[in-house]
Student: 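Pasting a structure here, questions to come.
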Amino acid sequence: PITQQGKMIAQRFARDHGLPDIAERVRRNTLAVWVLHEFLEALGIPTDLATSDSWIPAMQLTEDVADLVVPGVGKLECRPVEAGICTVPLDEERVGYVAVALDEAAGEASLLGFVPEVALAELGLDRLRPMDDFPTHLHQIRQGAMGQEPAQLTRLSRWLEGYFESGWQ
């Protein structure tokens with residue numbers, strides 16, 4: 001379900017923008033972000049709405065942004081699907097893209113699936129991986145990010161032992 005709180009936030013953000021097209025885009029993007037936020041929170045995966053670009057009015061106005069920050073993982077793009085089409089901004093800072101179908105008449109949303117990366121501005125829904133795989137995807141990204149730090153620390157500690165890898169000067 002799309003919660004009342006999510007609807008209120010989306011309406012508030014939409015009212016901040018005078019142009020109807022931008023207001024509607026912001027409202028739909030906000031709902032998509034909110035639905036993924038609640039899904040992740042229900043799984044015990046924390047999110048940070050406050051640092052997401054989609055929560056900043058100036059970014060809402062100038063960019064078609066629907067990102068959600070997941071601490072320790074990165075930014076996810078939450079894209080509302082319209083008429084069976086999912087358009088995505090090509091941004092190298094995203095760690096994944098989630099397609100969200102909004103059925104506002106029923107007050108519901110469906111997380112259709114995700115992809116780790118995109119190459120085209122239009123995401124084919126047939127390319128989506130199932131949401132059942134999504135928590136594993138996030139865990140792998142988090143482990144990859146964490147795995148890089150200890151390798152660097154290990155390498156530095158080896159310097160104290162007089163061992164330097166090739167390429168270091």
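Here the structure is a predicted model, which is why all the values come from computation and not from measurement. The basis for the numbers below is simple: all heavy atoms, side chains too, and nothing from hydrogens, waters or symmetry mates.
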Student: When you compare the side chains of Asp133 and Thr136, does any donor N or O come within less than 3.5 Å of an acceptor on the partner?
Tutor: no
Student: So do the side chains of Glu77 and Val98 get within less than 4.5 Å of each other, counting heavy atoms only?
Tutor: no
Student: Using atom types as modelled, flag every donor-acceptor pair under 3.5 Å from a side chain in residues 37-47 to any protein atom, sequence neighbours excluded.
Tutor:
unit_1	atom_1	unit_2	atom_2	d
His37	ND1	Thr47	OG1	2.6
Glu38	OE1	Trp34	NE1	3.4
Glu38	OE2	Thr3	OG1	3.3
Glu38	OE2	Trp34	NE1	3.1
Glu41	OE2	Thr47	N	3.0
Glu41	OE2	Thr47	OG1	3.2

Student: Look at the side-chain heavy atoms of Ile, Leu, Val, Met, Phe, Trp and Tyr, link any pair under 4.5 Å apart, and say whether Leu49 and Leu31 land in one connected group.
Tutor: yes
Student: Hey, what do you get for CG (Asp53) to CG (Leu68), rounding to the nearest 0.5 Å?
Tutor: 11.0 Å
Student: Looking only at heavy atoms, what is the nearest atom pair of Phe13 and Val26, with distance?
Tutor: CB-CG1, 3.7 Å
Student: Closest approach of Cys86 and Ala99, non-hydrogen atoms and distance?
Tutor: SG-CB, 4.1 Å
Student: Heavy atoms only: give me the nearest Leu102-Ala32 pair and the separation to one decimal.
Tutor: CD2-N, 4.4 Å
Student: In sequence, state the C-alpha distance, the side-chain angles, and the governing distance for Trp55 and Ile9, and then conclude on side chain to side chain contact (heavy atoms under 4.5 Å, CB included).
Tutor: CA-CA 10 Å; Trp55 246 240; Ile9 292 169; 3.8 Å; yes
Student: Give a yes or no answer on whether the side chain of Arg94 reaches the backbone of Gly74 with a donor-acceptor pair at less than 3.5 Å.
Tutor: no
Student: Quick check for you: to the nearest 0.5 Å, what is the distance between Thr87 atom OG1 and Glu82 atom CD?
Tutor: 7.0 Å
Student: So do Val95 and Leu76 actually touch side chain to side chain, heavy atoms under 4.5 Å?
Tutor: yes
Student: Consider only side-chain heavy atoms of I, L, V, M, F, W and Y, link residues closer than 4.5 Å, and tell whether Val100 and Phe134 are in one cluster.
Tutor: yes
Student: Who pairs with Asp64 by salt bridge (Lys or Arg N to Asp or Glu O under 4.0 Å), at least two apart in sequence or on another chain?
Tutor: Arg25, Arg79
Student: In chain order, what residues pass the salt bridge (Lys or Arg N to Asp or Glu O under 4.0 Å) check against Glu104, with sequence neighbours excluded?
Tutor: Arg27, Arg28
Student: What is the distance from atom CG of Asn29 to atom CD1 of Ile22, rounded to the nearest 0.5 Å?
Tutor: 11.5 Å
Student: Are Val70 and Val88 grouped together when hydrophobic residues (ILVMFWY) are joined by side-chain heavy atoms under 4.5 angstrom apart?
Tutor: no
Student: Members other than Ile56 in its cluster, when Ile, Leu, Val, Met, Phe, Trp, Tyr link by side-chain heavy atoms under 4.5 Å?
Tutor: Met59, Val65
Student: Can you give me every donor-acceptor pair (side chain of residues 105-125, partner residue at least two apart or in another chain, under 3.5 Å) with its distance?
Tutor:
none

Student: Given the rule that I, L, V, M, F, W and Y join up when any side-chain heavy atoms are under 4.5 Å apart, are Leu128 and Leu138 in one cluster?
Tutor: no
Student: When Ile, Leu, Val, Met, Phe, Trp and Tyr are grouped by side-chain heavy atoms lying under 4.5 Å apart, directly or through other members, which residues fall in the same group as Met8?
Tutor: none
